[in-house]
Amino acid sequence: MTAAIFGLWRNWAIAVGLLTVLVFLSPLIPLQWLPPVNVLFYFALQVVRRYLTSRSVPTCGRFLQEVSVVMLITALFVIGLYFMGKRADLHELTGQPYDASVPVLAILVTAPVTCIVTGLYLLNPREPRICENCHVDYGNVVESGFIGSLYRREWRYQTRLLFGLSALLTIVDWAYYLTYYVNVNLNRADLFFFLWMPMAMYVLSLLFLGMRYYSLWTYYCKNDEGHFVENPGTTTLRYLVLSDDRILLDSTHNWQQFSNGSMIKFIDTPVVVKIPYTKHVSDMEAAQHFRSRTGISDAEIRLAYDSPDNVTFQNIFHYLAFLPDPDEVVDSRVHGEWFTLGHLRQLINQKIVSCDLTAEIRRILTVAMAWKTYDENGKRLYGIKHYRPTFRLRDLQKWQVDYNDRRWLDVARLNQDSPFFKLRRMWRKVTSVFV
């Protein structure tokens, strides 16, 4: 928890600090050298992110990736500015003549670009690829644990803060530029608005976030660093019970109480077994636990995927249990109703399905559809563009799909039907070589 909380402050210090360094360097170095510096800082952020995400303690790299996008877009703008500066008749927006010798004011580019990029990230409801990889690497501790909820909340908070600061700098600096700036030299007022004001806002943000995360650390860790763990040392076995084209669901034992006292009933799988923490569960042990819990002995048990947790030791193993006859549950020790996949999707859209079950269905559906539609390189298996094969629950028993394989999650996001597929795939290969 200590590493997780103060790691959020470190991410802000590194990412926004590099943006601030760019602002200071821009008037001091030639225009043609500014894009390479942007790209260098981009790869520096990628190296930091790769190092942090390789550690045993989960670290949120989403904010670092977000600022990396700002670096690249800023580099593209500066490249365009460099080639336009070679024109003899070029004028600035203020009407003043412009050439390559005029000092570059990076804040006029980085501030609006940061504002737009952070705004788009806030509006995008879909988690980026880096978050899906984090779910695979760290499992339950990030996907449904306290650290994961902390990272999601603080990423949004930091992104909103960066959006607000960049919007303020955009308005103030562009207003000063259009009203008072003369591109002959940089006077004291120019230095204040274009250099010292961004630096002051960065330093104040460090102090503000430092106090915020120190308060969080005091609340969660100073007195009892382990109190946030509800069931320490617990392994959960979750079984999705399937028969033909239906899934067994239960709504009688899953209630969640909110702070206002209201109780909401969530639908979930009826077969959940908790055992002392263990990193591995054999197929025989999984079948024995299912038989002990349900009284059903002829079910085919197959591991779908696992959610590891080497931090709070509350990992989850997700199994598929196939019954030859749905009437077997009548005389068993489990109760529930059989639902089709269409009914289950409606319940998920109504947000009355548990978070664990929602994550399981989405993971299985995403991987299975990617496996059925594309090869491992993301190329279509069928000649029809945007063709989507049929997904049926009864086919899960016949398929041999590794839902733990991260490649299929990548293929689901980047495939031949995705915009700019070849360009994005080439860029991913290039960046993977350096980071």
Side-chain angles (χ1 to χ4, degrees), residues 5 7-24 26 34-35 37-39 41-46 48-49 52-53 59-78 80 105-134 148-175 177 193-195 197-210 212-213 216 413 419 424 427 431:
I5 291 175
L8 294 167
W9 183 87
R10 177 202 56 228
N11 291 349
W12 176 276
I14 294 175
V16 182
L18 288 179
L19 285 177
T20 308
V21 171
L22 279 176
V23 171
F24 264 78
S26 59
L34 198 56
V37 173
N38 274 267
V39 176
F41 283 0
Y42 167 83
F43 284 115
L45 284 176
Q46 296 303 304
V48 171
R49 181 184 63 83
L52 293 176
T53 54
T59 302
C60 184
R62 189 172 180 179
F63 187 75
L64 296 175
Q65 187 68 19
E66 182 178 329
V67 176
S68 299
V69 175
V70 176
M71 296 284 187
L72 287 180
I73 297 178
T74 302
L76 293 176
F77 269 97
V78 176
L105 303 175
I107 190 64
L108 296 177
V109 177
T110 57
V113 168
T114 303
C115 184
I116 294 173
V117 170
T118 52
L120 292 177
Y121 267 87
L122 289 171
L123 293 175
N124 185 13
R126 187 178 182 184
E127 288 189 335
R129 173 173 172 260
I130 186 175
C131 293
E132 292 185 352
N133 293 341
C134 192
S149 62
L150 172 71
Y151 283 160
R152 284 186 287 270
R153 184 188 68 193
E154 291 304 313
W155 168 82
R156 184 163 292 275
Y157 184 87
Q158 288 187 352
T159 302
R160 286 175 176 173
L161 179 60
L162 186 58
F163 172 80
L165 293 178
S166 60
L168 178 62
L169 284 173
T170 300
I171 295 172
V172 173
D173 285 340
W174 271 94
Y177 166 78
F193 281 99
F194 298 135
L195 299 183
M197 189 171 69
M199 171 60 76
M201 296 179 70
Y202 169 64
V203 173
L204 290 175
S205 70
L206 285 181
L207 297 175
F208 171 73
L209 291 177
R212 174 181 176 84
Y213 293 128
L216 285 176
R413 297 186 63 90
R424 291 166 62 187
W427 175 252
T431 55

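Worth knowing before you read on, the calculation uses all heavy atoms, side chains too, and leaves out hydrogens, waters and symmetry mates.
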J.: Would M71 and L19 satisfy side-chain contact (heavy atoms from CB on, under 4.5 Å), going step by step from the backbone distance to the final call?
T.: CA-CA 8 Å; M71 296 284 187; L19 285 177; 3.9 Å; yes
J.: With a 4.5 Å limit on heavy-atom distance, are the side chains of F194 and L108 in contact?
T.: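 Yes; the side chains approach each other to less than 4.5 Å.
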J.: Mind checking the CE-CG spacing from M201 to L168? Nearest 0.5 Å is all I need.
T.: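 It comes to 4.5 Å.
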J.: According to the side-chain hydrogen bond (donor to acceptor under 3.5 Å, both in side chains) rule, which pairs have a member within residues 112-123, sequence neighbours left out?
T.: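 Qualifying pairs: none.
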J.: Report the residues that fulfil side chain to side chain donor-acceptor pair (under 3.5 Å) with Y213, sequence neighbours left out, ordered by chain and then residue number.
T.: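 With sequence neighbours excluded, Y213 shows a side chain to side chain donor-acceptor pair (under 3.5 Å) to E154, Q158, given in chain and number order.
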J.: Do the side chains of D173 and L105 get nearer than 4.5 Å, heavy atoms only?
T.: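 Counting from C-beta outward, L105 and D173 never come under 4.5 Å.
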J.: Just wondering, do C60 and R152 contact through their side chains at under 4.5 Å, heavy atoms?
T.: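 No, every pair of side-chain atoms sits at 4.5 Å or beyond.
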J.: Pick one: which of Y157, W155, Y151, W12 meets ring pair (Phe, Tyr, Trp, His ring centres under 6.0 Å) with F63?
T.: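 That would be W12; it is the only one of Y157, W155, Y151, W12 passing the ring pair (Phe, Tyr, Trp, His ring centres under 6.0 Å) with F63.
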J.: Between Q46 and R49, is a side-chain hydrogen bond (donor to acceptor under 3.5 Å, both in side chains) present by the stated rule, with each step listed?
T.: CA-CA 5 Å; Q46 296 303 304; R49 181 184 63 83; 2.9 Å; yes
J.: Only one of V117, T110, V109 clears side-chain contact (heavy atoms from CB on, under 4.5 Å) with I73; which?
T.: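 The side-chain contact (heavy atoms from CB on, under 4.5 Å) with I73 is passed solely by V117 among V117, T110, V109.
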J.: Which heavy atom of A167 sits nearest to which heavy atom of C115, and what is that distance?
T.: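 Smallest interatomic distance, heavy atoms only, reads CB-SG, 3.8 Å.
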J.: Are L72 and N38 close enough that some pair of their side-chain heavy atoms sits under 4.5 Å apart?
T.: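 L72 vs N38: side chains apart.
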J.: To the nearest 0.5 Å, what is the distance between CD1 (I107) and CE (M199)?
T.: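 One gets 11.0 Å once the value is rounded to the nearest 0.5 Å.
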J.: Hey, does L150 have a side-chain heavy atom less than 4.5 Å from the side chain of R153?
T.: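 The answer is yes; the side chains approach within 4.5 Å.
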J.: Taking only residues two or more places apart in sequence, or in another chain, which ones meet V48 in a side chain to side chain contact (heavy atoms under 4.5 Å, CB included)?
T.: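 Residues passing side chain to side chain contact (heavy atoms under 4.5 Å, CB included) with V48: I14, L52, L64.
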J.: Using every non-hydrogen atom in the two residues, find where V23 and A106 come nearest and quote the distance to one decimal.
T.: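 In this case the closest contact between V23 and A106 is CA-CB, 4.2 Å.
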J.: Could I get the full list of salt bridge (charged side-chain N to carboxylate O under 4.0 Å, His left out) partners for R156, not counting sequence neighbours?
T.: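 Salt bridge (charged side-chain N to carboxylate O under 4.0 Å, His left out) check on R156 returns nothing, list empty.
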J.: Hey, is the main chain of A13 close enough, under 3.5 Å, to the side chain of Y202 for a donor-acceptor pair?
T.: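 Flag set: sc Y202 to bb A13 pair under 3.5 Å.
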J.: For W9, which residues count as a side chain to side chain donor-acceptor pair (under 3.5 Å) partner, sequence neighbours excluded?
T.: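 By the side chain to side chain donor-acceptor pair (under 3.5 Å) rule, W9 matches no residue at all.
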J.: Mind running side-chain contact (heavy atoms from CB on, under 4.5 Å) on L216 and L8 for me, showing each step along the way?
T.: CA-CA 11 Å; L216 285 176; L8 294 167; 5.8 Å; no
J.: Please list all pairs meeting side-chain hydrogen bond (donor to acceptor under 3.5 Å, both in side chains) that have one or both residues in residues 161-171, counting only residues at least two apart or in different chains.
T.: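 Residue pairs passing side-chain hydrogen bond (donor to acceptor under 3.5 Å, both in side chains), neighbours aside: none found.
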J.: What distance do R160 atom CZ and L122 atom CG have between them, rounded to the nearest 0.5 Å?
T.: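 Between atom CZ of R160 and atom CG of L122 there are 6.5 Å.
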